[in-house]
Structure formats: C-alpha cells, structure tokens
Participant: 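What follows is a single structure, and I will ask about it in a moment.
Scope of the values below: all heavy atoms of this structure, side chains included, with no hydrogens, waters or symmetry mates. Here is how names work: the chains are called A, B, and so on, in the same order as the sequence lines, proteins then strands, and each is numbered from 1.
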Amino acid sequence: MRLTCPLCGPRDRREFYYYGAADYLRRPAEGASPDDWNDYLHNRDNPAGLTQDLWYHEQGCCAWLKVTRNTVTHEIVAVEAVAVADAGGAA
Amino acid sequence: MAKARLSILAYLPRTRFNAPVMERSAMRYSGFKVIAQGLFGNTGWKPAWRDPAPKAEYDAVIIGGGGHGLATAYYLAKNHGLTNIAVLEKGYLGSGNIGRNTTIVRANYFLPGNSEFYSHSLKLWEGLESDLNYNVMHSQRGLINLFHSDGQRDAFARRGNAMINQGDDAALLDRDGVRELLPYLDFDNTRFPIYGGLLHPRGGTARHDAVAWGYARAADQRGVDLIQNCEVTGIDIEGGRVTGVQTSRGRIRAKKVGLVVAGRSGQVAAMAGLRLPIESHVLQAFVTEGLKPVIDHVISFGMGHFYISQSDKGGLVFGGDLDFYASYASRGNLPMVEHVMEAGMTLMPMIGRARVLRSWGGIMDMTPDGSPIIDRTPVDGLFIDAGWNYGGFKAVPASGFCMAHLMATGQSHAVAARFKLNRFATGHLLDEEGTGSQHNLH
Amino acid sequence: MRIDGKGRIDRTRPVTFRFDGCTYAGYKGDTLASALIANDVRVVGRSFKYHRPRGILTAGSEEPNALVEIIGPSNQTPNTRATVQELFEGLEVRSQNRWPSLGFDLLEVNDLVAPFLSAGFYYKTFMWPRRFWEGLYEPLIRRAAGLGSLSGRHDEGVYEKAWAHCDMLVIGAGPAGLMTALTAARAGADVILADESSELGGRLLSDEAEIDGAPAVEWVAGVVAELTSMPNVRLMTRTSVTGAYDDGTFGALERVGLHRRPRPNLPRECFWRIVAKRSVLAAGALERSVAFEDNDRPGVMMASSLPTYLNRYGVVPGKRIALFTNNDSARATARSLMAAGVEVAAIIDSRTDAPDEPGMVVHKGAQVVRARGRMGLREITIAKGGTQTRLEVDCLGVSGGWNPTLHLTCHMNGRPRWSDELAAFVPNEGAIPGMMVAGAANGTFSTHGCLAAGAEAARASLEALGLGSGAVDLPQTTDAPYNIAPLWQVPGKGRAWLDFANDVTVKDVALSAQEGFRSVEHMKRYTTQGMAPDQGKNSNVAALAVLADATGRGIVQTGTTTFRPPYTPVSIAAMGAGGRGDGFAPQRFLTSDQASRDRGAPMIETGLWYRPSYFPKPGETTWREACDREVSMVRSSVGVTDVSTLGKIDIQGPDAGRFLDFVYSNTVSTLPLGRVRYGLMLREDGHVLDDGTCARLGEDHWLMTTTTAAAGLVMRHLDFVQQAFCARWRVRFASVTETWAQFAVAGPLARDLITSELGRAPGLPFMGCTTVTVQGVQGRLFRISFSGEEGYEIAVPTRYGEALFRDLTARAETMGGGLYGMEALNVLRIEKGFITHAEIHGRTTAFDIGMERMVSAKKDCIGKAAAARPGMTGPEREQLVGLTPLTDSPVTAGAYLFAQGVALTRENSAGYITSVGYSPTIQSHLALGFLKDGRARHGETLRLIDRLRGVDVLCAVVDPVFHDPKGEKLRA
C-alpha cells in the first residue's frame, strides 16, 4: 500500500501512522452536548466503500493527511493535507 | 494442569430446561459410530444439519451464522427453550472470523467486566465437547505471556492476580521457568531480554471451524433453522419496535431480532438506523506448512505483537497486530506481514526455516475501548452482539450464552452486564490496553 | 534413468549428493528430483495422513509429494520441494514424515484402517473420557501429523530484504513473459523480469517447439542475451513473485544461496518488495491430474513433467511409459519421449474422438481405472467400453488439462471466471490494478498465442505508462489448438486421490457433501483439501468439480475457494530478515551511555532508550544496596543523572501560549518569562495522556518536556491538534529531544555543584529557568525536581553531553555525591508521590490522581468535555493513594488491595498497586496504588495481596506524598 503525500510524493504505507475516520476533524464546539461528544469520539459510519480517514506522515514531513479511500478495494482516491483541507481555528 | 472448577452452575440461568430437546433421530457421534460406519463404507453418515427453507415467521431471528450467532441460537434453544428460531446467514455457516482466527482460547483479562465474562467462557469451553457432542479439539496447552522488563512484570502480575481473584489460574514464571517450558526461545536476545512470563495453564487452542459446526449441528438438532445463503437486506421497524427482517429469500417476521454480525455490524445496524462505536479493521494471520511437533504451548510476545501456537495438523499458526487502517478487504499488506515475521525471528529464530503457506485477513469490529457490546438497542426487540475487536473466538461460548440470555429475558446476564452500548457516552469504559478512544489501538 | 544427449545439465561437472544416507551422483544443472530420477529412486516421501509411499509428481514448485529435509551444516530445512532444490556438491537430503525409514514406515498402518479415518472423523470421536484428549489422543495425533521437522535450533542463516522499483514487472519468463519483457525493454521501460526457475525460458526449455524455424531454445537464448545487455532490465531468476498487494507492491522471494554449498556470508534467500507501475502476469499454467484408483502410486506423474525431465535434465522416470489424457497436450510429450528412444506403451485418451498418433497405440474413449505398485508403478488397468485390460508400465504420465496460473490475480479478492471451452478457470481482467495477464496464465496455450499475448500486454502497458507503442515483430511459430473433454474422476470403488499431499480422495469430497458440507469452503475445511503445502494447486479444480457432481450443481454455481498469498511458501526467516537479535526495534543511546557502562551500570531499555539501572560500587552485591546508597546520596548530598530521554519540544510563535492552553488542561500562557510550570495533558477522551513541564524561554518561545515513553505520542498529538484545529494560529514547533543533552542535579548540595560547574551561583528560584554558559558552551538551566530535593536540570547541545556528564560526575564525587540510576530515581519519586506511566496507564483520569483542579474551568482544552462524563469521576473510581506496610515486609506492584476479613475475590478487591520501592529515607517499603474512593480512606488498614508471589501484608492507606509533604526542600 502506498500513499501519495502532497508534500513528499508516493511513499510506502510504513511511513504513515493511521489515526481514524476524518470525523476527528469535526471537533464539537465548546459547550456542545454530551451526545455530540459521544458521537464525535466514538460513533462511526464505518462505510464499506469510500471513506475519509486521517493519516500522519510520521516518518516524513509530519503532515496530517485526509485520505479518501475505498475500504473494500483499498483504492486511494485522494490525499490532501489536513492543514490546508480543513484549516481549522480562527486566525 | 488445573482443571475447571464446577462453579459453572452458578452461572446457569434459573429457567428450567423445558425445551423439547430434539435429540430425536439425530445421529450421535462417538468412536464406536466412527468404527461402525467405517466398516460399512461410511455411507450412513447423515447431514450435520438440515437445509430448511425460511418460514414466514419465527419467535426470534438471529442475523449472522458465525460462531457467535450459532452459539446464541444454541443457547436460546438449550437454556431458554426457544426453538422456533432461525439463524440467517448471508454465505455459508461459519464464513466469518470463526474460520479466520488464530484459535486461541484464554481467560486472562484483568478488568472487572471482562474478567468474569471470559472466565465464564472458558468454563463453557471446558464442557463444550460433551455439551455439543462434537470434538472441537479444545486443547488446554497453556498460554505464556512473556515480559521483558520489571515494569511489564508488574503489569502481568496485576493481570495474573486478577485472574486468580476471578477464580482462574495463573502462575508467574521467572526466566528459568520460561526456559524450562520454551527452551527454544532466544534467551541471548538483548533487545528484549526475557525476564519471565505469565503462565495461564488453562489457556490453549481449539479447532476453529469445528466450533461453528458443533454449535450449528447442536442448534439444528434442537430445532433451530439454519438458513444459509440468506442475506438480510432490511430490518422492519414499526413504532420503535422490530417486526422482522427483509432478506434475499423474502420477508421474515420476528418480534426479536439479534444482530450478531461482527465484521459487518455497522452495515447491518445502519438498516435499523443505528450508528455504532465501531470501526472495521483488518487483522492478518498466518500458517506454515505442516511440521512435526515443535511448539507445545501458546506463546504471546507482547513487545512484538506476536503470538504463536502449533495446530494439531502441524502448521505453526501465528499472527500479529492490525494492519491499522479501516478495511473490509479481508486481506492485508506487507508491512505488517514483515513485522510479524521479524517479531517471530527475534523471539524464536528456530522457526526461521518454516515456510509460510498461507496468509489471510479477518474483519475486526474495533470499539473505542477494545471491549465488546452485548446489549439492547434503542429499537425494541433488536439486540446487538458486536465489537469483539480481535478477541472474539475465545468469547464464542459466553457470547452466545449471554446474548441468548439477553434475547430471552430482556436482561443482561450478570457476566456481560458491563458490555453496554452506552458506556462510551457515560465514561464507564473497559479499556484493557489503556490506549483510549482510538478504535484501532485495542 | 539418464538419456544421452539430452538435457541442459553440465555433464562435465558431476556432483555427488546423499539421500537418506546413500550417496548418489548427478550433474550441475540437475534438480534433486531429476538426479533422483536419474538414479532410479522412486519413493521420495510419505503422504500426510495415510503415510503412503510417494514419488515425484511434477517438475515444479507445485510438487505435493516429493518434500524432503535438506540437512545443512548447522541446521535443517524441512518440506523442501525436490523439484525445486538444485543439486550442489555435498547436498545432504533426508526423507520426512516416516518412521523408522522411508521404505518401512510404521504409520503406514493408517492406510489399512483408512475406512475409519474418513474426512472429519476426528470431529466425531476422541471425546471420551474428556481428559484423554490432552493426555493421549491429541499427542498421538500431533506426532502422526506434520511433515518435515525443524531442528529446534536457532536459524543462524543469513537472509536479506530489499526494495526494487520499476515501470513494469513481468512475472514468468516463458514465451509470453519473454516477449512482454523484450517489447517493453526495447521501448525503454524499466523492466524487472522474474522467474522462479534457475533459467529463463519457461516451458520453451522443456517443449520441442520451434520459433522462426529453429528450436525455441535458440530464440530464448537470443532474447535473454539481448535483455541481459540492456541497462533498463533486471533479470531475476530463482525468484518467485509470491504476493500481489496494494498499489503495485509485490512480494518476491529470491533463492540466493540455496542452490550452492553454504558459505558463511552467503544469504540463503532475499525477500524483495517490488513496486511496479504496471505488471504482466505470464506465469503459465499448471497441468492437473485425473482421479482414479491409487493414482498416487510412485511413477504416476504429470504428463508435462516428462518432457521437462527429458529436455532440461536428460532423464526419464521409466523404461516403459504410458500416457493418460483428455486433451491434446500430451501428444507432444509422447512424441518427445519416442524421439528420445523411450518406449511409449500406449496413450489412453478418454475422448472417443481423439486424434490418432502415428506409430503409437492410442486407446480412444478409454480410461485408466487403477494403478498397481505400492513402492513404484508396475501396472495400470485400462477400461474401454465394458472391458478392462492390464498394461505393464513403470511410469504413467497423466494430463487432465491445464489450469492457468492465475493465483496472483486472486490476492486482492479477485475471483476467476470459469471457461467451458478450456474447462478451467481464467483470470478476470482488472483483478489487480495495473496488471495484465498474458499467455497460458490467461488461458492462451499455444506458443504463437503466448508470444502475441506477450507483445500485446507490453503494448498496452507501455501505452498506459506513456512510453509509446513498443512495436516488435512477432516471431513465426505454431498455433496448435487446445482440445479438451473434461475428465475429473474415473468411476471406481477404490480410493482415488484428489489432494495428494493431504490425502483427500474423491470419497472424502463425496462424504463431505453427504454430511451437508456442500459449500466449497465447507468442503475444503472439512476434508482439508487444498490446505497442504501445494495449497491445492494440483487439486482445487478437480475437487470442486467432484463436489459439483456430488451436489448436483455446476462448477460455476459451486464457486471456488480463494488463493491467498504467498503463491509458493516463503520462509519466516526471509520475510523476517533483519529481525533477529537487536534488529527488531531501534535502539537509542544517551551521550552518557559509554560513561555509564564504564562504571558498570546495567543498562535497561525504556521507550527504545537505554538508561542506567544503578551504578554499583565495590562491595555491593545486590542492586538494592546500590539503590539505597544512591537514594541516600541524593537526599544527603548531590546526585547526577541523565534525563535527556525526556521528550523536548520547542514551541514558538505569538499564539504559542494560546496553543499550550489548548493542549494542556491547566493554564500555561500566564507563565512569566523565565519560569517553568507543571502541565497535565489529556487525551481527547478525557484520560491523562502525559505530564511534564513547560518553560517560557522568551516572549514567544516555550520548551515543553514530555515523559520518555510518550515523547513521540505527544509530538504526533500536537501536530494533529495544530494542523486540524488551529492551522491558522501563528505557532510552530519541533522536537529537540535529540538536540539537547540534559542532566538532573539533585540534592542539598545541588546548588553547590551547579555553582562549581558554571563558575557562578545559579540564582534561580524554584521553577525558574535561564540560559547559561557552561564551560564556554551556551546551555540552559532549569530549577525543577523529580526527586523532591533542590534540583536543577542543565542542558547543553548534544555534542557536549558526554563531556558535561563526565565533568558533573567528577565534581559531584568530590562533594560526596555521584551518579544515580533509574532504580534510585524511581524510589525518589515514589517517596514524593510523583507519578509515572505506571500510574498514568491510560485508564487514569485527572480525578483519579487528585488533579481534577488542574482541568481549568476557564478555558476549553483537549479532553475537557470527555473528562466531564459521569463515569470519569466519583467515589466508584479508584484513586491514587500511598501505602505503607505495617510490618517491615516487601510489597509488590501488581498486588491487589482487600479489606480485612473479606474473601479474596474479584468482587471484593478494592484496588491495586502500581509502584513499590524501599525507602531508605523513611526506612520502610512504600507503595503507590489506586484504591476505590481512596482519598476518603487515608488511615484505613488493608490487606495487600499478591497471590502470584505469596505476598500478604497489612498496609496503612496514606497520602501518596511520603517525604517532605510541604515541599520545603524543593524550595530551599
């Protein structure tokens, strides 16, 4: 398995750390309900097919990446840097 | 080797066994029968189970004909007298993880909630052959968890003490104690020097497929309809109550539906509008060509995420950690393959010349704390048994036992009382690894 | 028997080898199998279950019978295919799975009682009495099972792993593969051509085909010479591509040294990871057998192996040979044998419309119904119409048709497609992204078809690579059609073998269906068909055809089992190359490593780092003596220890304070310049992730420290939080763990030692920090303490670490102090109730360790919301406490706590112990642990019980800070 890091190019899977579904990017706002937090931390669509998940180029540029991927075929459709894709937080 | 205590009685449900036990014309297996049949050309063996067409309605339907589903059906019939029930299986019986694991059976958990459950499961294992009249080859060869530092020794000591507190067996081996049992380990390895091991004498292995077949045959004999090639395509819910399921072989009505489809839990639960705390991952396992006996025990090498035993056929059966990315592919990639082999070589270089014959992958229901779910759902009459992470095989008997109890009585069985669906919301977690709410770390 | 003038062996180089103690002669270029055939050795192995004598069946890696142990100078290799093992001088071979000898095997008794050992018999018996399973039945079964044996000794062989990258990987170097590689290479593509044989050419080396009017081997030689000369081509012989994985990654095993006399540094095997933009599978096809009574007798072989043995090795396995076939391919075999002067007694062709063969006896519409000859074929019985005739032969070549070698196309869950025309499965296009299948592997069996398919596969791949069209003229050759009439089993009463290696017969498959194991997966698992070393290469298709018959379904409906990696078995040592000994995980060494070792300190691993356990002094016989001395030394004078392993993260930017407030549970941004603060970090799920300190070095410049164990974890966490949630904040950070060497100096004389080192008084308040000049080097000084004494940590760039360490040590020793190790460090922190990852083990909340007030109410932070869940606080939770034994008894970590007088059950356990140590300061054993509602229970007496180690001690529950609870020493 190989991921194409937007900064480093195609690299073997062993350079990357996998975290989980891209749901982790949608952190509830302060004061959100416990249900929202429970859903954010634990519950997953967990699709058999296209999904988006988070990978960290730990043995490379240390970029967190949002990968669009098929969980059945392992086909990788897109890789984008989280910091660009979802540049969270107000300046 | 310590033997099972008889405290199993304490766990049996209070309901009387009023089931019309359908031993009927069913064939009883025995050595005598094998010889008698052999003398007459083995022509008299009957099918291990019927192949019924689905009825329009059952008292309860279990989705999933894997180990857990079949065991649930068996105990529903045996312990609760529910025999007008069906198991619906998309493919063939036992086509999921029951036939894709490394066959290890153990009760060496340490958190309350897990301890009593796996302890109960092991006791059921110890009576399984006579219970099912099927040789599942449960073999208590002893499981050894190795440790490589003082800190790890303390952690395993805690585990072992928890096992003893639970009434199970454990012994702490020092380096020489390990050497006596496993002389072929690399004791000169300085990277992860072997300090000792936690021995769980009642731990061992079983023939995985036989467990599915044994439960299937025994459930069938009690009147359970096992329906293969029957895919559930929808769950009927009216007014918050389940009323039946839609299948590739037509609608089936049922007031109680058990969802026992680890590996596909998310998809089936979604049919009932549920979103589960589960992410699916691939776990690879490996078997070598057959070899004369060389490894007697089950050995677990935590530093390398490596565990190994030798099957009765002679193959070394071993595995490692998840591939760590969400997957339904039932197959993995080389990085983990190589990592597992490297771990094997650092621990026991004597296996170097054994050749890996086959590798495969199972789909693991990974939960955010590494422990399973056996619970009601927000839909009345719909029950779920899921989230077995990669420890589902040893749990099969107790999982079926407790799921049957839940489906029959509506109440959680005492030994599965903490396997609640809402424990993540409330913070009552069962995190043996201590790695937190990241699904793939358990 | 050797045939003069035939074969590609080097007859000028004789080789001697030994098999089961007998010395034999062969030639360089022989395989073990061909050399055994040359020496008329017929029985080579014993079958798995019935221990039937078995000979050589094939000439390839799919061999199910001729598995042997290779005996090396230091170790043995079981289950080696005699058909793959090349001969070398001194090769020592032993047969396996027999006792006491290959010729007389006691367990052959199994064959006599075979009716009682039918498929799955073991599931039905051995259940009574129960304890006999582990005690008797299972050990007997295990001893009888298995094939070859491992020695039990460490494998000291050399193995390697390597990477290769290419535009095109061509798998198989027969006509299709060579044509693909040639076409692609001429177009400029980077090509890897891999073939499992020792020579490129595939079946062209065995057949007597002609290409461009000359023997095909001449064309092969020309192509190989051209490919060899091209810099963009890598030819890999003896290399089996074993697995197809995601994104063009393949696993491949190269047999580097197995065909040569062992030499010390010669790798035995190399496991390759090949990354290819495109791939072409041209792995050919495997011939399959036909099941008839006793079709496993030595001398019954695959028909296609005969021309291979003849033309590659110059041997034939019999003097009088018959061929049994249902297709045209065996005809060429017959002609080759005839031409070489071997007697072909008859061709038994099951097709009534089979073609004639000039000069040969052809029994059309006939079948071989039985083979005779336990230790070697003597006779076959031929049935035609209603009559049976016997024919004396010593070798029978069987061809039941051909199965394309499509295994790799199934490795990513691709399912093959049934072809009625070929009576075989063929691969589905696109089963492996980027892979094309060419030639026999795709069901194209003629030489012309293979060449054309190879060229086409190259053309299409080149186009996809953007490397042009790669037009190459196709050589002229024949295009013989492939006619087959399926025949899977010959009806009969006896046992007819499907899976030779695992002893699975037609009856077993029928029994499986009879007992309801009708799914092909059930049949496989119930009978074990396809689970032997050949993974069903010789039997899968026939077995499922028999199952289809038995269940009244078609083959398509019956389906297939799945081929999984590896294609051929791969040694654990090859895939695990590099893992032996220290190779399994990285090792990290401190700058003080040598200095510590010089002083005899045992080094122990913590989080990849090696740290000194203690520093023994002359006369000390136990670690405890050293530890007690070091603890007392720190408490009374001064101690020095290397703390460089702690994670150090340099954080800068105007928003750094804001960022720190977000990742720490407590507020850090308010810290004045030149000060240090303790920080608690939570995971987003509300449990404690790590703790450490944070120093403010400048207005926008901070230095975070982490624990040794969590350094990487925290860095990853910070990267995530920053990139995911505050990418626009002006903050950047980098790990500087390896940039600075840092040493703790602790004790009442710490200030004096620092003064001596710096040449001036440090002048720092407790929790202060500053830059300093250390012997002319720019460094940093922090006044922090993990021991409870006045403490400093002094940091210099890593290259000065060792020098400073040695200097600090020397100065400390002149003051009556010295070095202390991890054991003393642990006791010092237990005395102070400081926690480590023994306490923050991933299930701990801030509440549990009495730090709930450190989760600031004034701001959001990672983990705050989840920490507020009801289960995360409250009296039901186990809270950090200290414990002191009432008697002078050692206590153990991992012990459990019970109230006095209760039964020692899980339900009654009240808590557990995480850390213990003997405190020379307090002169008592101490423990830290977690106790249900513990903070409310100070003063209670509990039983501390470790039944594993026989510890049962009454302890008082106390505050976890045993020493200097007010912290007066710290602030001195």
Participant: Does any heavy atom of chain B fall under 4.5 Å from the side chain of C:I604, the backbone, both, or neither of them?
Facilitator: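 Answer is side chain: those atoms of C:I604 sit under 4.5 Å from chain B.
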Participant: Do side-chain atoms of C:W133 reach the backbone of B:H138 as a donor and acceptor pair under 3.5 angstrom?
Facilitator: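 Yes.
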Participant: Would you verify whether the NZ or CZ of B:K292 falls within 45 degrees of the ring axis of C:W99 while also being under 6.0 Å from that six-membered ring's centre?
Facilitator: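 No, B:K292 does not sit over the ring of C:W99.
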Participant: At a heavy-atom separation under 4.5 Å, does C:T80 approach chain B through its side chain, its backbone, both, or neither?
Facilitator: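 When you check distances to chain B, atoms from both the backbone and side chain of C:T80 fall under 4.5 Å.
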Participant: More than 12 foreign heavy atoms under 6.0 Å from CZ of C:R143: is that the case here?
Facilitator: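 Incorrect, the count does not exceed 12.
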Participant: Where on C:Y912 is there a heavy atom nearer than 4.5 Å to chain B: the side chain, the backbone, both, or neither?
Facilitator: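 Only the side chain of C:Y912 comes within 4.5 Å of chain B.
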Participant: Please look at C:L511 and chain B and tell me whether the side chain, the backbone, both or neither of the residue comes under 4.5 angstrom of a heavy atom of that chain.
Facilitator: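 Interface part for C:L511: side chain.
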Participant: Which label fits C:F517 and B:W213: parallel for a plane angle under 30°, tilted from 30 to 60°, or perpendicular past 60°?
Facilitator: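 Judged by the thresholds at 30° and 60°, the geometry between C:F517 and B:W213 is perpendicular.
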Participant: C:E69 versus chain B, heavy atoms under 4.5 Å apart: side chain, backbone, both or neither?
Facilitator: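 Contact with chain B is absent: no heavy atom of C:E69 under 4.5 Å.
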Participant: Will you find, in the side chains of B:R207 and C:Y123, an N or O donor that is under 3.5 Å from an N or O acceptor?
Facilitator: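 B:R207 vs C:Y123: donor-acceptor pair found between side chains.
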Participant: Which one of B:F32, B:W360, B:F156, B:W49 has the most heavy-atom pairs closer than 4.5 Å to chain C?
Facilitator: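 Going by pairs under 4.5 Å, I would pick B:W49.
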Participant: Between C:R580 and B:D186, does a salt bridge (charged side-chain N to carboxylate O under 4.0 Å, His left out) hold up when you go through it step by step?
Facilitator: CA-CA 9 Å; C:R580 278 220 53 192; B:D186 187 357; 3.3 Å; yes
Participant: By a 4.5 Å heavy-atom criterion (distance strictly below it), what part of C:Q514 contacts chain B: side chain, backbone, both, or neither?
Facilitator: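 It is both, since atoms from each part get that close.
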Participant: Go through the atoms of B:T435 and report whether side chain, backbone, both or neither lie under 4.5 Å from a heavy atom of chain C.
Facilitator: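 For B:T435, backbone heavy atoms alone lie under 4.5 Å from chain C.
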Participant: Of all of C:A114, C:P115, C:G516, which one pairs up most often with chain B through heavy atoms under 4.5 Å apart?
Facilitator: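 Going by pairs under 4.5 Å, I would pick C:P115.
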Participant: Taking atom types as modelled and ignoring hydrogens, do the side chains of C:N79 and B:R353 form a donor-acceptor contact shorter than 3.5 angstrom?
Facilitator: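 On atom types as modelled, these side chains do not qualify, holding no pair under 3.5 Å.
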Participant: Any donor-acceptor pair under 3.5 Å linking the side chain of B:H428 with the backbone of C:P870?
Facilitator: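 No; zero donor-acceptor contacts below 3.5 Å.
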Participant: Side chain from CB out, backbone as N, CA, C, O: work out which of these in C:S519 comes under 4.5 Å of a heavy atom of chain B, or both, or neither.
Facilitator: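 Contact with chain B involves the side chain of C:S519 alone.
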Participant: Between C:P586 and chain B, with a heavy-atom cut-off of 4.5 Å, which part of the residue counts as in contact: side chain, backbone, both or neither?
Facilitator: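 For C:P586, backbone heavy atoms alone lie under 4.5 Å from chain B.
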Participant: When you measure from the centre of the six-membered ring of C:F121, is the NZ or CZ of B:K33 under 6.0 Å away and within 45° of the axis?
Facilitator: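 No, a cation-pi geometry is absent between B:K33 and C:F121.
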Participant: Give the member of C:N97, C:D246, C:T562 that has the highest number of heavy-atom pairs under 4.5 Å with chain B.
Facilitator: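 The option with the most such pairs is C:D246.
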Participant: Quick one: what part of C:Y526 sits under 4.5 Å from any heavy atom of chain B, side chain, backbone, both or neither?
Facilitator: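 Both backbone and side chain.
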Participant: May I ask you to decide if C:M127's main-chain N or O and B:N135's side chain share a donor-acceptor pair within less than 3.5 Å?
Facilitator: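 Checking the backbone N and O of C:M127 against the side chain of B:N135, no donor-acceptor pair under 3.5 Å is found.
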Participant: Does a donor on one side chain and an acceptor on the other come within less than 3.5 Å for C:E134 and B:S139?
Facilitator: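 The criterion, which ignores hydrogens and geometry beyond distance, is not satisfied for B:S139 and C:E134.
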Participant: B:S130 versus chain C, heavy atoms under 4.5 Å apart: side chain, backbone, both or neither?
Facilitator: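 When you check distances to chain C, no heavy atom of B:S130 falls under 4.5 Å.
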Participant: Could you verify whether a donor N or O on one side chain and an acceptor N or O on the other, from B:Y184 and C:R153, lie under 3.5 Å apart?
Facilitator: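 B:Y184 vs C:R153: no donor-acceptor pair found between side chains.
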Participant: Report which part of B:F318 has an atom under 4.5 Å of a heavy atom belonging to chain C: side chain, backbone, both, or neither.
Facilitator: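 Side chain of B:F318 only, per the 4.5 Å heavy-atom cut-off to chain C.
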Participant: Report which part of C:A585 has an atom under 4.5 Å of a heavy atom belonging to chain B: side chain, backbone, both, or neither.
Facilitator: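 Contact with chain B is through both the backbone and side chain of C:A585.
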Participant: Determine, for B:R191 against C:D582, whether the closest basic-nitrogen to carboxylate-oxygen distance falls under 4.0 angstrom.
Facilitator: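 C:D582 and B:R191: not salt-bridged.
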